[in-house]
Number of protein chains: 2
Amino acid sequence: MGTVGAMEDGHARAAGLRSTRQRRAVLDALGRCPEFISAQELHARLTDAGGTVGLTTVYRTLRELDRAGLVDVVRDDSGERLYLRRPTDEHRHYLICRCCGRSQPVDAEAVEVWAAGLAEATGFAELEHTLELTGVCADCRPGGAEEPCPRQPACAR
Amino acid sequence: MGTVGAMEDGHARAAGLRSTRQRRAVLDALGRCPEFISAQELHARLTDAGGTVGLTTVYRTLRELDRAGLVDVVRDDSGERLYLRRPTDEHRHYLICRCCGRSQPVDAEAVEVWAAGLAEATGFAELEHTLELTGVCADCRPGGAEEPCPRQPACAR
DNA sequence: CGGCGACGTGAAAACCATGTTCATTTAATA
DNA sequence: TATTAAATGAACATGGTTTTCACGTCGCCG
Ligand SMILES: [Mn+2]
Ligand SMILES: [Mn+2]
Ligand SMILES: [Zn+2]
Ligand SMILES: [Zn+2]
């Protein structure tokens with residue numbers, strides 16, 4: 001707990017970010033959430049738990065975590081951003097269940113290789129890509145295609 | 001002219017869409033735009049050209065064209081939807097220049113194959129994917145990485 | 001310690017793409 | 001041409017996100 005000039009004492013020492021009660025709370029709540037979560041939902045959990053963190057601060061903190069590469073971000077169908085504390089420091093892609101929100105990292109190495117070859121093939125530089133994968137997980141599929149979403153979200157969105 | 005019950009006499013005969021002056025104007029303007037364009041920008045062009053089309057109608061028409069599979073849609077960094085009249089009736093992915101907006105369809109067959117194999121590998125069903133590719137095109141790169149965006153958009157966004 | 005200055009906070013308001021309402025217009029058909 | 005369901009669009013609503021700005025506090029230095 002010293003003088004680290006970091007966002008968290010131990011982790012997340014992004015450059016020039018002070019360690020504040022609010023940022024620690026956001027990072028902590030995010031760390032205990034196994035699935036992608038929205039800024040609003042995260043804020044709701046923090047306040048429901050009795051904490052005192054402004055929605056503005058949640059948005060700002062998540063944006064900074066994104067810049068620092070500490071979270072993965074996807075956008076749902078409505079365009080809302082969802083965040084997940086990144087377990088490793090690698091670039092990843094996820095398959096997300098449209099019913100319950102469960103996420104599963106996928107091995108997209110084939111895509112990475114393909115994307116890397118695009119630069120030469122097209123003459124474009126500084127290539128970036130986003131790849132969003134959605135589907136219906138096994139648990140959300142009772143047998144046929146009866147109910148659109150038979151079960152409640154595992155990690156309520 | 002005739003009694004086609006279509007959106008346009010000749011093209012775009014999506015089911016149950018009337019041919020109106022506004023829809024023809026939107027489809028026409030979209031057809032003469034070589035790059036992805038937003039609903040707002042398309043509306044601006046229509047009104048600047050002296051036309052009389054409501055922004056609401058532009059949004060509605062683009063949504064219908066999307067449903068009918070007549071346009072490709074991407075989302076830019078801010079989440080705004082951009083539309084391009086689809087040249088063929090195939091599913092495509094594009095590489096888009098972050099400077100000028102120029103788009104270039106890419107051969108993503110490798111990705112399609114990879115994505116198709118995900119269902120078995122993961123147990124998820126009804127898989128869908130979105131793949132957005134961005135970069136800096138050759139024309140927008142004078143030599144090094146000097147200016148962030150040296151030239152004006154070819155097809156002003 | 002104590003103070004200073006930059007950074008952080010948050011309530012309120014602004015922003016902005018997009019959707020909805022609903023009275024009016026209009027395309028398609030008989 | 002009469003009829004009617006569909007289409008239009010101005011005004012309004014929505015909802016996620018950002019900006020504002022007055023106030024708080026973190027971290028460093030003396
Ligand atoms: Mn990737
Ligand atoms: Mn594809
Ligand atoms: Zn599920
Ligand atoms: Zn370019």
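Basis for what follows: all heavy atoms, side chains included, without hydrogens, waters or symmetry-related copies.
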Can a donor-acceptor pair be found between the side chains of B:His91 and B:Glu112 at a distance below 3.5 Å? yes
Return yes if some donor-acceptor pair links the side-chain N/O of A:Arg85 with the main-chain N/O of A:Cys33 below 3.5 Å, else return no. no
Check nucleotides 4-8 of chain C against the protein and report each pair of N or O atoms closer than 3.5 Å, with its distance, or say if there are none.
residue	atom	partner	partner atom	Å
C:dA6	N3	A:Arg18	NH2	3.2
C:dC7	O4'	A:Arg18	NH2	3.2
C:dC7	O2	A:Arg18	NH1	3.2
C:dG8	OP1	A:Arg23	NH1	2.9
C:dG8	OP1	A:Arg23	NH2	3.2

Phosphate OP1/OP2 of C:dT18 contacted by B:Tyr59 side-chain N/O (<4.0 Å): yes
Under 3.5 Å, is there a donor on one side chain and an acceptor on the other for A:Tyr59 and A:Glu64? no
Between B:Arg98 and A:Glu128, does any side-chain N to carboxylate O distance fall below 4.0 Å? yes
Once you round it to whole Å, what is the distance between C1' of D:dT17 and CD of B:Glu80? 14 Å
At 10 degrees resolution, what angle do the end axes of the helix from C:dC1-D:dG30 to C:dA30-D:dT1 form when each is taken over five base pairs? 30°
Quick one: A:Ile37 CD1 to D:dG16 C1', roughly how many Å, whole number? 15 Å
Roughly, in whole Å, what's the span from CG in A:Leu55 to C1' in D:dT19? 13 Å
For B:Gly79 and for A:Thr56, find the nucleotide of DNA chain C with the closest heavy atom, then tell me which residue's nucleotide is more 5'. A:Thr56
Can you measure A:Arg63 atom CZ to D:dT19 atom C1' for me and round it to whole angstrom units? 10 Å
Let me know the distance between CG of B:Asp77 and C1' of D:dG16, rounded to the nearest Å. 17 Å
